[in-house]
Amino acid sequence: MAKPRVFLSRELPPDVMRVLRERCDLTANLEDRVLSKAELIAATTGMDGLLCLLTDTIDAEVLDIQPRLKVVSNYAVGFNNVDVAAATARGIPICNTPGVLTETTADFAWTLMMAIARRVVEADRYTREGRFTQWEPMLLLGTDVYGKTLGLVGAGRIGQAMARRARGFSMRVLYSDIYDPPADIVDELQMEKVSLEDLLRQSDYVSLHAPFTEETRHLIGAPQLAMMKPGAYLINSARGPLVDEAALVEALKNKRIAGAGLDVYEHEPKLAPGLIDLNNAVLAPHTASASLETRTKMGMLAVDNLMAVLEGKRAPHTVNPEVYG
Ligand code: DGY
C-alpha cells in the first residue's frame with residue numbers, strides 16, 4: 001500500500017525523522033528557517049498530512065488550498081498558531097502534544113525563577129569578565145526562593161508540576177484558574193485557590209501557565225503589574241501575548257517589580273524595545289521544552305497523531321474532536 005504523503009515544515013530530532021521516513025512518503029523543509037506562508041502553502045499542496053510547528057501560521061488561506069489534506073499535527077502543546085475554527089469548518093483534525101513536555105517546561109520555568117532571583121546571568125557575566133577578585137559580603141545579593149509564596153496563573157499540567165517543585169522549596173502555593181485541578185492534587189500539593197488580584201498582591205513569584213486565547217491576551221498588563229509586590233518577580237514560560245510587554249518593560253525599568261524571567265515574547269522573535277537593556281530580566285529564546293528527550297517525545301507524539309488520522313483512526317490528542325463526528 002502506498003505510504004501517505006506528508007510535509008514536515010522543519011527538521012526534528014533524528015529518531016523522529018527516522019520514524020517519519022519509515023511511515024510516510026516524507027517531504028521535509030531541511031533548511032534552518034521558518035517557511036514563508038507562500039512556501040508553506042506550495043509545499044503542503046497535494047499532501048495528506050502536515051506536521052508543522054508553532055512558528056507556522058495555519059489559517060483559512062492555508063487550509064483552503066489543500067483539498068487533499070486530512071490532518072494538521074502541530075509539534076507543540078500550544079496551538080494558537082492554528083485557526084482551529086477554520087480547520088473544524090473544513091473537517092480537518094488539529095492535533096497537539098500535551099503531557100510529554102510538562103516536566104521539562106516546569107524545570108525551565110523553575111530555572112528562570114532561580115536564575116532571576118539569584119542573579120545567575122549577572123554572576124556568570126561578572127565572573128567571565130575577570131571581575132571576581134575577592135569574596136564580598138554584598139556581592140550580587142539576590143532574593144531567596146525557598147519559603148516564599150509562588151502564585152500560579154493557570155493550574156493545569158505545568159502549573160501542577162510547578163506546585164510539586166514548590167513543595168521541595170517549602171513554598172506557599174497560590175493558584176488562580178477558571179478550572180480546578182482534581183481535589184486530591186490540590187490537597188497533596190497544598191494549593192490555595194485565590195482570585196488573580198489576590199494572587200498578584202500576595203505572591204513573591206508569579207508564574208504564568210495559561211494558554212493564549214483572545215480572553216487571556218494581556219492578562220498581565222500595567223494594572224496587574226501595579227498590583228504585584230515591589231519585590232516580586234514575573235516568570236513567563238507560557239505564551240508571550242499573555243503579558244503586555246511594553247508595560248512589563250516600564251515596570252522593570254521603574255523597579256515597580258523586582259524582575260522577570262521570560263522564555264516567550266509578545267511578538268516573537270522580536271523583543272519589546274528596552275527589554276534587552278534591563279539587568280533585572282533573564283531572557284531565553286522559547287526553549288522551555290528544549291531537551292533532546294522531550295523534543296523527541298513531542299515528535300513521536302506528533303507522528304502518532306498524524307498517522308492515526310491518516311490510518312482512519314482518532315488521533316490520541318485532537319483539539320477539535322468534533323471533526324470525528
Ligand atoms: C509548546 O509546546 O506549546 C511550547 O511552547 C513549545 O514546546
Side-chain angles (χ1 to χ4, degrees), residues 8-13 15-17 29 32-35 50-59 71-84 87 93-113 152-162 177 179 207-217 219-220 234-243 245 260-271 282-306 315-320:
L8 167 67
S9 67
R10 194 87 182 254
E11 188 165 5
L12 298 179
D15 284 352
V16 184
M17 296 304 290
N29 166 33
D32 194 16
R33 66 180 180 90
V34 177
L35 296 179
L50 170 63
L51 206 165
C52 62
L53 311 191
L54 56 83
T55 42
D56 299 314
T57 300
I58 310 296
D59 58 13
V71 57
V72 173
S73 182
N74 206 37
Y75 180 72
V77 61
F79 49 88
N80 52 290
N81 57 309
V82 182
D83 183 339
V84 178
I94 303 298
C95 304
N96 68 337
T97 63
V100 291
L101 48 75
T102 302
E103 301 299 334
T104 304
T105 303
D107 277 354
F108 198 79
W110 203 268
T111 303
L112 287 175
M113 188 166 85
L152 300 169
V153 179
R157 283 177 293 261
I158 300 172
Q160 290 166 37
M162 289 293 282
D177 201 328
Y179 304 106
S207 190
L208 307 184
H209 302 287
F212 169 49
T213 62
E214 274 320 305
E215 287 71 48
T216 59
R217 182 186 295 279
L219 190 63
I220 305 296
L234 180 71
I235 310 299
N236 190 4
S237 59
R239 282 291 182 267
L242 296 180
V243 177
E245 210 169 288
L262 305 176
D263 184 45
V264 288
Y265 305 89
E266 193 173 352
H267 303 289
E268 254 172 66
K270 291 196 190 116
L271 307 185
V282 168
L283 309 178
H286 203 149
T287 47
S289 68
S291 71
L292 178 60
E293 298 96 316
T294 288
R295 288 284 167 88
T296 302
K297 285 185 209 157
M298 287 167 64
M300 294 303 189
L301 183 49
V303 175
D304 285 349
N305 282 330
L306 178 87
H317 296 286
T318 309
V319 304
N320 56 346

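Counting starts at 1 for both ligands and their atoms, in listed order. Note that the numbering runs from 1 along the sequence shown for the chain.
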*Quick one: OG on Ser9 to CG on Leu53, what's the gap to the nearest 0.5 Å?*
4.0 Å
*Ligand-residue contact atoms, ligand 1 with Ala76, heavy atoms, under 4.0 Å*: 1 (C), 2 (O), 3 (O)
*Does the side chain of Val153 reach to within under 4.5 Å of the side chain of Leu242, using non-hydrogen atoms?*
no
*What residue and atom, counting heavy atoms only, is the protein's closest point to atom 2 (O) of ligand 1, and at what distance?*
Val77 N, 2.7 Å
*asked:* Taking 4.0 angstrom as the limit and counting only heavy atoms of Met298, give me the atoms of ligand 1 inside it, by number and element.
replied: 7 (O)
*So how far is it from Met162 CE to His209 NE2, rounded to the nearest 0.5 Å?*
4.0 Å
*Would you check if Asp56 and Val34 make a side-chain contact, meaning some heavy-atom pair closer than 4.5 Å?*
yes
*Using a strict 4.0 Å cut-off to heavy atoms of Arg239, name the atoms of ligand 1 that fall inside it.*
1 (C), 3 (O), 4 (C), 5 (O)
*Under 3.5 Å, is there a donor-acceptor pair between the side chain of Thr216 and the main chain of Pro211?*
yes
*Do me a favour and list the nearest non-hydrogen protein atom to atom 7 (O) of ligand 1 with residue, atom name and distance?*
Ser289 OG, 2.6 Å
_Point-to-point distance, once rounded to the nearest 0.5 Å, from CG of Leu101 to CG of Asn96_ = 9.0 Å
*What are the atoms of ligand 1, with element, lying closer than 4.0 Å to any heavy atom of Leu54?*
5 (O), 6 (C)
*asked:* Taking 4.0 Å as the limit for heavy-atom contacts, which would you say applies to Leu101 with ligand 1: side chain only, backbone only, both, or neither?
replied: side chain
*Atoms of ligand 1 less than 4.0 Å from His286 heavy atoms?*
4 (C), 5 (O), 6 (C)
